[in-house]
Amino acid sequence: MSHTSTLHDVPHHHANPTGWRRWLFSTNHKDIGTLYLLFALAMLFMGGASAMLIRAELFQPGIQLLDPDLYNNLVTNHALLMIFGSVMPAAAGLANWMIPLMIGAPDMALPRMNNLSFWILPAAGTMLILSFVVPFFPGGGSQINTGWTLYPPLSIQVGMSMDFLIFAIHLLGISSVLASINIIVTLLNMRAPGMTLMKMPIFCWTWLVTAFLLILVVPVLAGGVTMLLFDRHFGTSFFDAAGGGDPVLFQHLFWFFGHPEVYVLLLPSIGVLSHVIPTFARKPLFGYKSMVGAMIAVGTIGMVVWAHHQYTIGMSLGAVSYFMIGTIIISIPVGLMIFNFIATMWRGAMSFETPMLFAVAIILMFTFGGLSGVMLAVVPADMQYHDSMFVVAHFHYVLMPGAVFGLFAGVFYWLPKWTGHMYDERLGKIFFWINVTGFNLTFFPQHFLGLAGMPRRIIDYNVMFTEFNVISSIGAMIFGFSHLLLLYIVIKTIRGGEPAPSRVWEGARGLEWEVASPPPFHTWETPPPIRQEQSA
Amino acid sequence: MNPEAQARNKRRTVWLLSLLVLGMFGFGFALVPLYDLLCQVTGIQSVSLRSAGEAVAEPLPGRADSRLITIKFDTSVHPNLPWDFQPLERNLQVHPGKLYQVNFAARNRSSASVTGQAIPSVAPWQATAFLNKLECFCFNRQTLAGGASVEMPLRFMISPDLPPDIRSLTLSYSLMKPETPAPVSAPESARHEKG
Ligand code: HEM
Ligand SMILES: [Cu+2]
């Protein structure tokens, strides 16, 4: 394909800017991918710090370090930083780096919009952090004590920090909608000739589904928080019962976004696993077509089961039964993906480098989280478990392996490709073991706490819960600090190390392994020929 | 594929996706009426319908609703508070079971920022339990900057269960400066002391 300038193509013949201009004005998918990943790493540490403060407070019963409002403010901020600040940008970073390399495209379809969707993020992140900080200044109003779900009426009553948060959510939403549009346009229009949709690497498929989910649900959340803003300042009563509104309507709007959002967090990591596992099992992915079918099924059914987060609001029996059955049905395609992974490993010549260690651990722990999810999906059981630490244990068991560890696996898997250096395998394995041990120590006891009746989002607890909380808090310190090792490994790999060949892993397949490590600034300016075995 | 065709395809995809985004944003707002409609059609109850439903379930029509109750508003300000404080309407004829709103005007005569707390009381006291305040400035302490004035809403409903012998009632507010400062840590919501 020759580059006679078209509408969205960036002319390649001018000199590439250097210094800070290279990053601020970047339209290069690799640089933007790097920016996304660095931003996500920074937010991971901020979100981690807030989580460790929470666990430090819960180390003992009683109130030691924080006051109740600050505690709840931290809980809110932790979730938002991790979900919107860390996991989503990290997944977008992988998408930016890898999608054009994987489909043989010279760049993303809309490079300037790509620049915009990244550079909105620092502004949004600042707003998010301000929403946490503003109450500490004179006249700053009360702290955001609602949790990330922002339920009214409480969210209508908190001070101006809620307005900062609402604008932060608007900005974050705009950023991810723009990124999603870009990804879909790229995947649909820029694949190398001969790469049909059903030959597209699975990571690209997971992002195609994710991007559609984002486009379908983020605008609804934006609408919901806009209504919240109007209720707060312009005298409307969308959610204010005193004016004829209904606070439960907000819950529906929120979870219409919120449940698909968990698949937004999950799917890109499933995509990473679909590359890592075949590579280290040295077998092609088992069931490519069923994998594609499963993720489309998860995305579709996932759009219509949101009210399993709201069983306790007093829906009719018919409604809760519907949401219960729908929710349980989703575990079928999710289970199918897990079976495909296991079948891929079956009788493979496996080796356990760091990405593969993470992949195997993910399969075990994510399945566990899925099981507690099925427990929560059962209405009469959830009436007991709802808003308890059991729910916290459930979603950390699905989110941490299902999203965060999957991203770690991806980072270790592709870091040699990005930097041109091998990471330190020994340190990588040490990081894995500390990280996973810390994770299980932190969250496993929370199942017992929840079943015994400890509520979530409360600063103090009954002394009978002390032992498990002590274990959980110690685990959290190990888990939290282990990420410093990750940081060290990443920095060390960027600065040097054994040079990586273009096909970093002997079992790796796909176009991204046919470019040098690190790839030159511009790749695939002429689309590569697609051979049969490159699919998946 | 030739670049022209590719650019055209890209543009078309961008347009379609942008429409989808706008459509979903609109869908969020469309859910406001759709939600009540869906609940009505399917019998899945929303909170607002349920409360309306309960009211209808009782043999209400023709019962208490036609009564006209006179409600009077009365205010007094403690000397420790340099405020003017008045209801914008002194009398109202209301039907039990319907929602009404009255505004109260407050002005801070001093130049410093002052916090006041309104304490309600109802006469005759037997009517207290039947006066439901859905929103009231008395739920929270109110702070006025020096010289500032505000209008503060009271939304209330008289319960249809109001005993038949009560035909008029008075709601008085005494406004004073709270003795103790508000606990710093309590959120505004936690300060919903019974009004
Ligand atoms: C088999 C699959 C799953 C089922 C049946 C399931 C079911 C549930 C149910 C019923 C709840 C509500 C519990 C309550 O609040 O009482 C819940 C909460 C949650 N789930 Fe899952 N889940 C599944 C998978 C996942 C996955 C894959 C993720 C994310 C990657 C996830 C993330 C969450 C989160 C974040 C919450 C808590 C939200 C909050 O209240 O803050 N779940 N799940
Ligand atoms: Cu859900």
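A note on names: the letters A, B, ... follow the listed sequences, proteins ahead of strands, and every chain is numbered from 1. A quick note: this is a predicted structure, and the numbers were derived from the prediction, not measured.
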Is the number of heavy atoms from other residues, nucleotides or ligands under 6.0 Å of A:Phe234 CZ greater than 12? yes
Please determine whether the number of non-hydrogen atoms from other residues, nucleotides or ligands lying under 6.0 Å from atom CZ of A:Phe230 exceeds 12. no
Side chains of A:Gln157 and B:Asn140, heavy atoms from C-beta outward: is any pair under 4.5 Å? no
Is the shortest heavy-atom distance from the side chain of A:Met113 to the side chain of B:Val14 under 4.5 Å? no
Among A:Ile181, A:Val220, A:Leu249, the residue with the most heavy-atom pairs under 4.5 Å to chain B is A:Leu249
Once rounded to the nearest 0.5 Å, what's the spacing between atom [atom1] of [X] and atom [atom2] of [Y]?
X        : Y        : atom1 : atom2 : value
A:Thr226 : B:Phe29  : OG1   : CZ    : 5.0 Å
A:Leu110 : B:Thr13  : CG    : OG1   : 9.0 Å
A:Met227 : B:Leu31  : CE    : CG    : 7.5 Å
B:Leu20  : A:Ile215 : CG    : CD1   : 6.0 Å
A:Ser237 : B:Glu135 : OG    : CD    : 8.0 Å
A:Asn182 : B:Lys10  : CG    : NZ    : 9.0 Å

On a heavy-atom basis, the closest approach of A:Leu253 and B:Gly28 is CD2-O, 3.7 Å
Where does A:Phe257 contact chain B at under 4.5 Å (heavy atoms): side chain, backbone, both or neither? neither
For side-chain contact (heavy atoms from CB on, under 4.5 Å), just list the numbers for A:Leu216 and B:Phe27, CA-CA rounded to whole Å, side-chain angles, deciding distance to a tenth of an Å, and then say yes or no. CA-CA 10 Å; A:Leu216 290 173; B:Phe27 175 72; over 6 Å; no
